[in-house]
Amino acid sequence: MPDIPEVPEVPERPERPVIPVDLTWIRAAPPEATGPGPWIEIAFGERDGDDDGEAPVYLRETSAPDNVVTTNRRKWDAFVLGVQAGEFDHFVEGVELGE
């Protein structure tokens with residue numbers, strides 16, 4: 001009789017992180033922007049010292065503020081450095097900024 005491969009267990013879905021209610025949200029919009037957006041907003045969670053790379057960073061869109069994405073400071077810093085270095089410029093080729 002042939003060996004039947006073992007079916008791997010399906011991992012449990014991780015619990016949704018609790019989003020603190022007292023976050024200070026920073027809107028990423030041009031200074032001259034008016035109206036409701038939609039804009040991206042960023043909030044930084046509490047850090048355990050200045051070098052706490054695991055401190056939470058929260059992102060949301062103003063049109064769906066209850067839908068929050070969570071990452072950590074280490075990953076956020078790497079993303080920002082990548083943006084500054086032009087690593088994502090190809091995503092906006094041909095996009096014109098509104099006047």
Would the distance check show the side chain of Thr62 and the main-chain N or O of Trp39 forming a donor-acceptor pair, the cut-off being under 3.5 Å? yes

So, do Arg73 and Asp52 sit near enough that their side-chain heavy atoms are less than 4.5 Å apart? no

Closest approach of Ala55 and Arg47, non-hydrogen atoms and distance? CB-CG, 3.5 Å

Single-linkage hydrophobic cluster, 4.5 Å side-chain cutoff, Val57 and Leu81 together: no

Indicate yes or no: at least one non-hydrogen side-chain atom of Trp76 is less than 4.5 angstrom from one of Ile42. yes

Just how far is it from atom CG of Asn67 to atom CG of Leu59, taken to the nearest 0.5 Å? 11.0 Å

Determine, using the 4.5 Å side-chain heavy-atom cutoff (strictly less than), whether Val95 and Val83 are members of one ILVMFWY cluster. no

Side-chain touch Ile19/Thr70, heavy atoms, less than 4.5 angstrom: yes

Can you hop from Val69 to Trp25 via hydrophobic side chains spaced under 4.5 Å? no

Please round to the nearest 0.5 Å and tell me the distance separating atom CG of Leu23 and atom CD of Glu46. 9.5 Å

Is Val80 reachable from Ile40 through a run of hydrophobic residues whose side-chain heavy atoms are each under 4.5 Å from the next? yes

